[in-house]
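Before any comments, here is the structure.
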There are 2 protein chains.
Amino acid sequence: MMKVTISDIAKAANVAKSTVSKVLNDSPKISQDTKRKVRDIMQQMNYIPSSIATGLARQSSLNIGLLVDMSKESEFLNQFFYNIIGGIESVIGPLNYELTLSNVQHDRPEGHFLNRLVRSKRVDGIIANNSVLTEELSIELNRLQFPYISIGEIIPPASWVDFDNVLGGRMLTGHLLEQGYSAIAFIGGQQFETIFTHRCNGFLQALQQAGITVNSNWIVNGQSDEHGGYQAALNLLQSDERPDSIVCMSSYVAFGVLQAAKELGINVPSQLGIAAFDEYPLSRYTTPPLTSLNIDTFSLGVSSGHLLMDRIRNSELPSRSLLLEPELIPRQSTLRNPS
Amino acid sequence: MMKVTISDIAKAANVAKSTVSKVLNDSPKISQDTKRKVRDIMQQMNYIPSSIATGLARQSSLNIGLLVDMSKESEFLNQFFYNIIGGIESVIGPLNYELTLSNVQHDRPEGHFLNRLVRSKRVDGIIANNSVLTEELSIELNRLQFPYISIGEIIPPASWVDFDNVLGGRMLTGHLLEQGYSAIAFIGGQQFETIFTHRCNGFLQALQQAGITVNSNWIVNGQSDEHGGYQAALNLLQSDERPDSIVCMSSYVAFGVLQAAKELGINVPSQLGIAAFDEYPLSRYTTPPLTSLNIDTFSLGVSSGHLLMDRIRNSELPSRSLLLEPELIPRQSTLRNPS
DNA sequence: TTGTATGCGTTATCAT
DNA sequence: ATGATAACGCATACAA
């Protein structure tokens with residue numbers, strides 16, 4: 001397979017290279033006749049323009065970079081990665097952009113993505129999780145005036161997309177209140193994490209709005225995993241002041257809580273209501289199935305794609321941020337009939 | 001941020017562009033002195049070569065394409081995508097290749113990946129699932145002599161990587177036999193699917209080896225999902241000749257089987273053993289936890305990456321195929337003490 | 001409307 | 001060991 005270039009087409013069509021180029025870009029100042037002729041020949045010769053040459057001439061790669069830190073086994077990404085990518089692709093694909101995935105190893109300086117991707121112009125813009133987009137990197141990208149979007153809130157000036165965790169906290173807590181629960185605890189998360197702060201704030205807001213005084217012992221920080229949830233629940237459920245329901249920082253925390261309740265012979269949902277952030281495929285298979293907060297990760301990708309493309313098209317645009325609404329999925333773990 | 005090119009460096013260092021280029025590529029015929037000098041200036045001026053220009057000159061993109069059909073909601077990919085990508089990246093990353101993800105929409109001919117990615121030279125090679133790599137495409141890629149690897153067996157001549165499904169069938173069945181089960185059924189899969197054929201063949205081989213005659217009623221084809229498993233199990237477990245154990249085409253099938261057994265009051269594992277292909281995160285959370293066959297999807301990515309890079313480096317290499325061994329994870333759903 | 005010439009930022013082939 | 005110059009394949013300002 002020998003490659004056929006714009007010159008070959010020009011020669012075969014008896015026109016200049018520039019004419020072929022203009023036909024390629026459907027320039028209005030080329031006659032329909034020559035367009036047809038040139039296009040026919042392109043077809044015959046099976047011509048496809050070289051994206052690299054086009055990129056060099058146009059000074060753009062038609063490539064979006066998605067940065068991931070694959071060294072951490074992020075359960076979250078692991079689950080939703082595919083959806084996020086699908087969302088991004090659904091908006092950049094039709095604009096003829098491709099998605100370049102790049103592994104950010106913070107410990108491999110020679111291959112730092114700033115050089116590998118950004119400064120070498122392999123991509124025209126990047127999307128990254130806020131865990132890889134440190135403040136330092138953010139500042140550097142701003143200085144380079146390079147378009148980027150963070151998935152997850154970061155400090156301004158920068159554009160980001162995230163789920164409304166405060167609202168999420170309010171929704172889960174509000175749902176428990178509606179179901180007749182009133183002694184509500186919150187398990188999981190570390191105090192310095194903004195995601196904990198947001199979610200817990202929503203929790204507190206809902207309680208306050210309901211006129212319920214918060215029991216500070218009922219906010220238990222810790223690892224947001226199964227074991228953490230298990231331990232916290234074990235303590236909480238055996239204490240003197242036992243809550244009648246729990247909001248969990250993640251479904252994994254909830255799995256631990258479920259386990260603890262089971263061992264202690266506490267019935268869910270009649271004696272204990274359990275509601276969790278971060279719906280997982282497993283959530284509907286637990287016994288009882290878990291009430292949780294679903295986030296539409298596909299639309300997360302869509303939104304970040306749009307924000308990024310806007311920025312690439314108009315670099316003078318001010319930075320924007322977007323809060324997406326989560327969706328409550330009520331299941332048996334909280335559905336009791338208030339007597 | 002004004003871009004700095006090789007010419008700027010040459011000017012600043014008082015050498016020719018070609019010298020700078022040679023320094024860039026660490027040519028042995030440049031003196032250490034000039035190398036040092038030029039490199040210093042590169043540092044000072046914060047120079048990074050343009051990957052696009054390099055690509056044009058070298059006629060290579062340093063880009064690997066990963067093709068996915070995002071229109072299908074493949075549960076499988078959804079779960080393992082991240083791992084596969086991680087595996088691929090771990091081998092191509094150190095070789096300075098990036099991963100370009102591309103959505104293959106079979107219904108969008110104008111943007112066919114053959115043109116968008118391959119013929120436009122956006123990527124130097126591709127990796128794709130066998131569901132997107134149709135025979136037709138395979139032939140065309142062979143004709144173009146374009147390097148590609150299939151994840152999942154396809155017809156030769158082509159390189160592919162897959163798990164050994166025959167072996168997997170033998171392993172699951174053999175495990176059941178070891179646990180003292182002898183009346184083993186097989187649920188799930190369609191007869192025309194090679195993946196069913198392979199797995200079922202392994203099943204049959206193990207039975208034959210154990211001298212057990214196969215009951216053809218105990219091979220039940222159908223959708224490999226929860227509902228399919230549920231229905232098949234319901235029939236099987238209420239029939240006159242009831243099996244004492246079941247090999248399931250997927251963990252979802254097993255979930256359905258578990259449900260059916262529960263409803264019929266059949267105890268697992270004492271009255272019924274259940275073993276399944278395709279370990280999922282959920283598998284260890286069911287009651288009882290599910291014995292299943294784990295596949296190391298990361299190493300699947302690694303292998304396909306290696307095969308592809310070999311092919312890119314030496315296009316004359318004959319096509320190869322690789323069968324990866326699955327791993328049995330014994331759990332309570334099959335662990336009974338044979339009396 | 002079409003053609004000419006030059007640029008995009010590298011690499012590679014020759015000379016020197 | 002270094003430099004001049006021609007590719008690489010396309011876009012574009014300017015001429016014609």
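Note that these values count all heavy atoms, side chains included, but never hydrogens, waters or copies made by symmetry. Residue numbering restarts at 1 for every chain, and letters A, B, ... go by the order of the sequence lines.
Listed pair B/Gln59 / C/dT11 fails the phosphate criterion, with no side-chain N or O lying under 4.0 Å from OP1 or OP2. A/Thr19 has no side-chain polar atom (N or O) that falls below the 4.0 Å cut-off from OP1 or OP2 of C/dT2. In this structure, A/Ser21 reaches the D/dA11 phosphate: one of its side-chain N or O atoms is under 4.0 Å from OP1 or OP2. Look at A/Ser18 and you won't find any side-chain N or O under 4.0 angstrom from OP1 or OP2 of C/dG3.
Rounded to a whole Å, the NZ atom of A/Lys29 is 16 Å from the P atom of D/dA16. Rounded to whole Å, atom C1' of C/dG9 lies 15 Å from atom CZ of A/Arg122. The separation between B/Asp8 atom CG and C/dC8 atom P is 10 Å, rounded to whole Å. Straight-line distance from the CD1 atom of B/Ile9 to the P atom of C/dG9: 13 Å, rounded to whole Å. One atom, NZ of A/Lys17, and another, C1' of D/dC8, lie 10 Å apart when rounded to the nearest Å. Whole-Å rounding puts the B/Lys35 NZ to D/dT2 P distance at 10 Å. We find that CG of B/Asp26 is positioned 15 Å from C1' of C/dT11, with the value rounded to whole Å. When rounded to the nearest whole Å, the span between CD1 of A/Ile6 and C1' of D/dT12 equals 11 Å.
Defined by atom type and a distance below 3.5 Å, a donor-acceptor pair is missing between the side-chain atoms of B/Ser18 and B/Ser21. For the residue pair A/Asn96/B/Arg116, the side-chain donor-acceptor check at 3.5 Å is not satisfied. In the model, B/Glu89 has a side-chain atom that pairs as donor or acceptor with a side-chain atom of A/Asn103 under 3.5 Å. Residues B/Ser321 and B/Glu153 have side chains that never bring a donor and an acceptor to within less than 3.5 angstrom of each other.
Residues A/Thr5 and B/Ser27 each lie close to DNA chain D; by heavy-atom proximity, the contact nearer the 5' end of the strand is made by B/Ser27. Residues B/Asn14 and A/Ser50 both approach DNA chain D. Their nearest nucleotides, taken by heavy-atom distance, put B/Asn14 toward the 5′ side.
Residue-to-nucleotide contacts include no donor-acceptor pair under 3.5 Å from the side chain of B/Lys121 to the base of D/dG9. If you check distances only, the side chain of A/Ser31 never reaches the base of C/dT1 with a donor-acceptor pair under 3.5 Å.
Listed nucleotides D/dG9, D/dT12, C/dT1 differ in distance to A/Arg58; the shortest reach to its side chain belongs to D/dT12. Of the candidates D/dC10, C/dT10, C/dT13, C/dT10 carries the atom nearest the B/Ala53 side chain, counting heavy atoms from C-beta on. Distance from the side chain of A/Ile30 is smallest for C/dT2 among the nucleotides C/dT2, D/dT2, D/dT12. Here the nucleotide nearest the side chain of A/Lys22, chosen from D/dA11, C/dT2, C/dG9, is C/dT2. Closest approach to the B/Thr34 side chain among C/dG7, D/dT2, C/dT11 is made by D/dT2 (side chain taken as heavy atoms from C-beta onward).
Within the 4.0 angstrom heavy-atom criterion, only backbone atoms of the sugar-phosphate kind lie near B/Val15; the bases stay farther away.
To the nearest 0.5 angstrom, A/Leu99 atom CG is 6.0 Å from B/Leu101 atom CG. Atom OH of A/Tyr47 and atom CZ of A/Arg39 lie 13.0 Å apart (nearest 0.5 Å).
End-to-end axis angle for the helix from C/dT1-D/dA16 to C/dT16-D/dA1, using five pairs per end and rounding to 10°, comes out at 40°.
Taking each heavy atom of A/Ala12 and A/Ile41 in turn, the nearest pair found is O-CD1, 3.6 Å.
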Worked check of salt bridge (charged side-chain N to carboxylate O under 4.0 Å, His left out) between B/Arg36 and B/Asp33: CA-CA 5 Å; B/Arg36 223 187 322 277; B/Asp33 273 2; 3.6 Å; yes
